[in-house]
Structures are given as C-alpha cells and as structure tokens.
Amino acid sequence: FYSYEKYRQWLAEDDVPLSTSRRLLAGSLAGITSVVVSYPLDLVRCRLSVTESREQYKGIGDCMAKVYQKEGMFGLYKGMIPTLLGIAPYVGLNFSIYEWLKRRAPEAEGV
C-alpha cells in the first residue's frame, strides 16, 4: 500500500482526483515494485524447494550467496519478466477496483 500511495501522489495533478488510467498505472507500478523487491527471496524459495539434495544449498543465505557468486546480481532476478507481466495488470486492476468501491461505499458511522 505504501508504494501505491506514493505513486498516486506522484501521478496526481493539483488536487484533481486520479483518472482510472492513472490509478491503473499507480497500481501496476506498485505491483512491479513489490515483485522487484521480493523476487530474489521467491527465487531462493523455489530453488530450495526443487533441489533434490540438501548438499547443494545449506539454507536461504547459502543459496542466495551461491546464486550471486555463480550468476551475478541478475541471477537473483532470472525469470522475473513473466512474473511482472502477470502481476502488473492484476495489481493495477486490484487497486483500481478497490478505489472505485471505496468511493461508492456509503459512509458507516462508528466504523
């Protein structure tokens, strides 16, 4: 939610409510941000769960270090593009629908 709110602020124009397309863009950018931040851990989790032998990786830190040593920084982001292609529209729609429903929901007292 933090990155979504920041992107909304950056895309805002002089106290004018964001258009649907700008809300979609802010949500998509927030989704991309979350993937870029969390993807290395997801890659490590996946490699640890698929590895047949416990001898290849001793744990999360060891796996991350070995991937970094053998494949470099970009090795930690291998395969991220398909994830981004799926998550960006999903999160963009999710936040846009949330904002749309929030504006149309009646105000409840004491909630």
Side-chain angles (χ1 to χ4, degrees):
F1 281 97
Y2 177 78
S3 60
Y4 174 68
E5 290 299 325
K6 284 298 179 188
Y7 288 125
R8 279 186 56 208
Q9 290 172 4
W10 291 336
L11 294 170
E13 294 178 347
D14 300 327
D15 297 329
V16 176
L18 283 179
S19 65
T20 302
S21 60
R22 286 185 183 242
R23 282 194 312 271
L24 277 168
L25 179 59
S28 295
L29 290 171
I32 289 169
T33 301
S34 70
V35 169
V36 168
V37 169
S38 65
Y39 195 81
L41 288 173
D42 196 37
L43 179 124
V44 167
R45 178 190 56 83
C46 188
R47 288 202 181 185
L48 287 173
S49 66
V50 175
T51 304
E52 292 180 20
S53 170
R54 301 278 295 157
E55 295 173 16
Q56 187 173 4
Y57 301 117
K58 294 177 181 132
I60 294 170
D62 182 54
C63 181
M64 195 169 279
K66 284 182 178 176
V67 169
Y68 181 77
Q69 288 170 353
K70 291 179 185 175
E71 302 172 41
M73 186 66 165
F74 293 112
L76 294 169
Y77 291 94
K78 195 179 275 185
M80 185 176 72
I81 299 297
T83 302
L84 287 175
L85 293 174
I87 207 72
Y90 165 75
V91 176
L93 283 170
N94 190 12
F95 276 116
S96 291
I97 292 170
Y98 168 76
E99 291 286 333
W100 183 81
L101 289 171
K102 190 168 81 171
R103 281 195 319 259
R104 282 159 179 72
E107 291 293 321
E109 290 184 32
V111 177

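Everything numeric here is computed off the predicted structure, so don't read it as measured data. Excluded from the calculations below are hydrogen atoms, water molecules and symmetry mates; all remaining heavy atoms, backbone and side chain alike, are included.
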Worksheet item: Between Ala30 and Ser3, what is the shortest heavy-atom contact and its length?
Response: CB-OG, 3.5 Å
Worksheet item: Under a 4.5 Å side-chain heavy-atom rule over Ile, Leu, Val, Met, Phe, Trp and Tyr, are Met64 and Tyr77 clustered together?
Response: yes
Item to complete: Kindly compute the distance separating CG (Leu11) from CG (Leu24), expressed to the nearest 0.5 Å.
Response: 11.0 Å
Worksheet item: Picking from Leu41, Leu48, Asp42, what satisfies side chain to side chain contact (heavy atoms under 4.5 Å, CB included) with Arg45?
Response: Asp42
Response to the item:
For Val67 and Tyr57, the nearest pair of non-hydrogen atoms, with its separation, is CG2-OH, 4.4 Å
Worksheet entry | salt bridge (Lys or Arg N to Asp or Glu O under 4.0 Å) partners for Arg22, two or more places apart | Glu13
Discussion item. Please verify the inter-ring angle class for Phe1 with Phe95; under 30° counts as parallel, over 60° as perpendicular, anything in between as tilted.
Written reply: perpendicular
Worksheet item: Could you give the distance from OG (Ser96) to CG (Leu101), rounded to the nearest 0.5 Å?
Response: 11.0 Å
Practice prompt. Please lay out, stage by stage, how Tyr7 and Thr33 fare under the test side-chain contact (heavy atoms from CB on, under 4.5 Å).
Written response: CA-CA 10 Å; Tyr7 288 125; Thr33 301; 2.7 Å; yes
Response to the item:
Between the CD1 atom in Ile87 and the OH atom in Tyr90, the distance rounded to the nearest 0.5 Å is 6.5 Å
Worksheet item: Looking at residues at least two apart in the chain, or sitting in another chain, which of them share a salt bridge (Lys or Arg N to Asp or Glu O under 4.0 Å) with Lys78?
Response: Glu71
Worksheet item: Between Tyr39 and Leu76, which heavy-atom pair has the shortest distance, and what is it?
Response: CD2-O, 3.5 Å
Fill in: Minimal non-hydrogen separation, Arg8 against Glu99, with atom names
NH1-OE2, 3.4 Å
Response to the item:
Value for OG (Ser34) from OH (Tyr4), rounded to nearest 0.5 Å, stands at 14.0 Å
Worksheet item: How long is the gap from CZ on Arg47 to CD1 on Ile60, to the nearest 0.5 Å?
Response: 14.5 Å
Fill in: ILVMFWY network linking Met73 to Met80, side-chain heavy atoms under 4.5 angstrom
yes
